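Worksheet for the structure shown next.
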Amino acid sequence: MAELRHSASMGARAVSSPAHRDDPTHPFAAALDAGDGGAAPVRSSSRGRDRDKDPHHHRAFASALLHLPPPLRSLLSLEDPRLAYWILAFLAFLLFAGILLLSSLWSRLNAPYLCYKDGIALRCPRVKEPPSLWENPYSSTTSWKPCAERRENGISDLPPENETTGYIFIHAEGGLNQQRIAICNAVAVAKIMNATLILPVLKQDQIWKDQTKFEDIFDVDHFIEYLKDDVRIVREIPDWFTEKAELFTSIRRTVKNIPKYASAQFYIDNVLPRIKEKKIMALKPFVDRLGYDNVPPEINRLRCRVNYHALKFLPEIEEMADKLAARMRNRTGSLNPYMALHLRFEKGMVGLSFCDFVGTREEKAMMASYRQKEWPRRYKNGSHLWQLALQKRKEGRCPLEPGEVAVILRAMGYPKETQIYVASGQVYGGKNRMAPLRNMFPNLVTKEELANKEELDHFRKHVTSLAALDFLVCLKSDVFVMTHGGNFAKLIIGARRYTGHRLKSIKPDKGLMSKSFGDPFMGWAAFVEDVVISHQTRTGLPEETFPNYDIWENPLTPCMCKA
């Protein structure tokens, strides 16, 4: 028995030897003592002397070890506790980095849909929705919203009428849409200089000889009321000014030589001093006389506010446009979507383009004579025009012919039954030129075919009113297709983007199409594939603006916000 007690005591000493159990610097010893409810003896050591002065330090560490998973517990069971702390810190760093990475990935997955330019190509995020002939993918159009509208209960920062810097007056020149842009710019310039704007005059168009006034097209009361917190606008030239007839002819009262796309600072430095001196000045000319990248963002938002909210057509124009759009959708007795086609192929456009088109020798000779008469300096002797025409077609700068438009639309998948509203002047070449388009899409109409003579007679008094009807019917369409550039198409595409990018606005790739049309070895299947792939991103999707890209076609960056 004595020998047994002696061997047991020797075994206990072996287990509790100072090198193992009684060494408080060893994590296993501290863990065992804490687990058995005993207190580990406090001893000093040459390793970690400062840390070992605290008797509770190792108990807390041992307690933490007991709650760790077995793999981590074995990893941290090291001779040197400082190494264990470094490993814990490294693991904490990895955990933190992982959280940041997941957060970044989540934000990217939920970022607003946005196409971007890659050279001449447009890159857009992929969407899971199947392609639709009549609308853009829902997932690509829900991340942006318009935000240029008037602030509700906003505080006006306008000074009293007698404290403005003076009055400015402009003539809005050109067609309806060029006049619209001029009006938006006039409001912006008045804001830049803190001046009072006299209601712009719509200058008589030299082609249409139209005598339309501002109040014949737009709702003046709404225009002034909506902008009352932004710019002071008056209907007439002040009574105290007696030189009304000479306002645009007097050199003393006119600011000329304003460069194209002038900056806000140019107006402050060069125009504002003259307005302060003379109190009332006319700005001439005023087409494209304000830039986009060299003005404050709030000025661009103001231009959007004017264009999309303040400039409203008269109620009778809006009502007639609603009737025409409703008739387009009900032509077959049941509701159908409709396409609006802005066909730029009038004689003037064909002549001005200096492009070559299919036609007889007689037609080509007549067009050459017309160009020589209208543009003698550009025409010269005509010897250089063939090479110029080829170059312009390769670069996609020629208007699409009606037959080319028909082939592109069929390749995109639009069936023969598609309802098409045509906004166009007199097509060059008449019925023969329109025949391929009508044969492929027989349900093709104009406003003259949708409305009776009595309905349109009221609007014939002002040619601009007829242009306004075309504008609104195209704006309300399910799909809008342009065939050439111009302010009409640019403003339509911009407005449809501003309302949410949902409605398709097809802008054909004329450069690619010219190559395809000129390739005698390209089969129909290959042509269809080229058309579909190249136009997937040319339908008015959210696209970031870039330098020298005007806000009328793409108002996203200055005038829209993340939803």
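Values below: every heavy atom of this structure, side chains too, minus hydrogens, waters and symmetry copies. Residue numbers start at 1 and run along the sequence shown. Here the structure is a predicted model, which means the values were calculated and not measured.
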Atom pair [atom1]/[atom2] of [X] and [Y] - distance to nearest 0.5 Å:
{"X": "Glu236", "Y": "Ile198", "atom1": "CD", "atom2": "CD1", "answer": "9.0 Å"}
{"X": "Ile420", "Y": "Arg438", "atom1": "CD1", "atom2": "CZ", "answer": "10.0 Å"}
{"X": "Tyr549", "Y": "Glu543", "atom1": "OH", "atom2": "CD", "answer": "4.5 Å"}
{"X": "Asp470", "Y": "Leu324", "atom1": "CG", "atom2": "CG", "answer": "9.0 Å"}
{"X": "Ile492", "Y": "Glu553", "atom1": "CD1", "atom2": "CD", "answer": "12.0 Å"}
{"X": "Leu469", "Y": "Leu176", "atom1": "CG", "atom2": "CG", "answer": "10.5 Å"}

Does either side chain, that of [X] or that of [Y], offer a donor lying less than 3.5 Å from an acceptor on the other one?
{"X": "Tyr421", "Y": "His342", "value": "no"}
{"X": "Glu129", "Y": "Ser139", "value": "yes"}
{"X": "Asn136", "Y": "Thr141", "value": "no"}
{"X": "Trp375", "Y": "Tyr370", "value": "no"}
{"X": "Lys507", "Y": "His535", "value": "no"}

[X] side chain near [Y] side chain, heavy-atom distance below 4.5 Å:
{"X": "Ser334", "Y": "Asn336", "answer": "yes"}
{"X": "Met339", "Y": "Asp478", "answer": "no"}
{"X": "Met513", "Y": "Ile408", "answer": "yes"}
{"X": "Leu199", "Y": "Val220", "answer": "yes"}
{"X": "Thr196", "Y": "Ile233", "answer": "no"}
{"X": "Leu311", "Y": "His222", "answer": "no"}
{"X": "Met320", "Y": "Glu455", "answer": "yes"}
{"X": "Phe286", "Y": "Val189", "answer": "yes"}

Does [X] reach the main-chain N or O of [Y] with its side chain, forming a donor-acceptor pair under 3.5 Å?
{"X": "Lys213", "Y": "Leu202", "result": "no"}
{"X": "Glu374", "Y": "Arg371", "result": "no"}
{"X": "Ser534", "Y": "Asp530", "result": "yes"}
{"X": "Gln179", "Y": "Gly174", "result": "yes"}
{"X": "Ser143", "Y": "Tyr113", "result": "yes"}
{"X": "Ser424", "Y": "Leu343", "result": "yes"}
{"X": "Arg497", "Y": "Ala495", "result": "no"}
{"X": "Arg232", "Y": "Ala195", "result": "no"}
{"X": "Asp216", "Y": "Thr212", "result": "no"}
{"X": "Gln391", "Y": "Leu388", "result": "no"}

Where do Arg180 and Phe218 come nearest, in terms of heavy atoms and distance?
NH1-CE2, 3.8 Å
Shortest non-hydrogen contact from Ala411 toward Val532:
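Taking every non-hydrogen atom into account, O-CG2, 3.7 Å.
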Do we get [X] above [Y]'s six-membered ring, with its NZ or CZ under 6.0 Å from the centre and within 45° of the axis?
{"X": "Arg393", "Y": "Phe354", "value": "no"}
{"X": "Arg344", "Y": "Phe488", "value": "no"}
{"X": "Lys416", "Y": "Phe441", "value": "no"}
{"X": "Arg496", "Y": "Phe480", "value": "no"}

May I have the step-by-step check of disulfide bond (SG atoms under 2.5 Å apart) for Cys115 and Cys124, ending in yes or no?
CA-CA 4 Å; Cys115 304; Cys124 297; 2.0 Å; yes
Worked check of salt bridge (Lys or Arg N to Asp or Glu O under 4.0 Å) between Lys453 and Asp457
CA-CA 6 Å; Lys453 182 177 180 299; Asp457 279 346; 3.0 Å; yes
State whether the SG distance for the cysteine pair Cys398/Cys355 is less than 2.5 Å.
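Their SG atoms fall under 2.5 Å; a disulfide, then.
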I'd like to know if Glu298 and Lys191 make a salt bridge, using a cut-off of under 4.0 Å between side-chain N and carboxylate O.
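Looking at Lys191 together with Glu298, the answer is no, because their closest N to O distance does not fall below 4.0 Å.
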Between Glu395 and Lys392, does any NZ, NE, NH1 or NH2 come within less than 4.0 Å of an OD or OE carboxylate oxygen?
no
Hey, do the aromatic rings of [X] and [Y] have their centres closer than 6.0 Å?
{"X": "Tyr428", "Y": "Phe357", "result": "no"}
{"X": "Tyr338", "Y": "Trp134", "result": "no"}
{"X": "Trp144", "Y": "Tyr498", "result": "no"}
{"X": "Phe546", "Y": "Tyr116", "result": "no"}

Picking from Lys476, Arg327, Arg329, what satisfies salt bridge (Lys or Arg N to Asp or Glu O under 4.0 Å) with Asp322?
Lys476
Residue pair Phe313, Asp219: steps toward the side chain to side chain contact (heavy atoms under 4.5 Å, CB included) verdict:
CA-CA 6 Å; Phe313 291 112; Asp219 187 334; over 6 Å; no
So Arg433 and Glu401, salt bridge (Lys or Arg N to Asp or Glu O under 4.0 Å) or not? Walk me through it.
CA-CA 8 Å; Arg433 185 74 65 170; Glu401 296 186 45; 2.9 Å; yes
Checking Asp118 against Arg123 for the salt bridge (Lys or Arg N to Asp or Glu O under 4.0 Å) test, could you report, in this order, the C-alpha distance in whole Å, the side-chain angles of both residues, the deciding distance, and whether it holds?
CA-CA 7 Å; Asp118 182 9; Arg123 309 293 183 192; 3.3 Å; yes
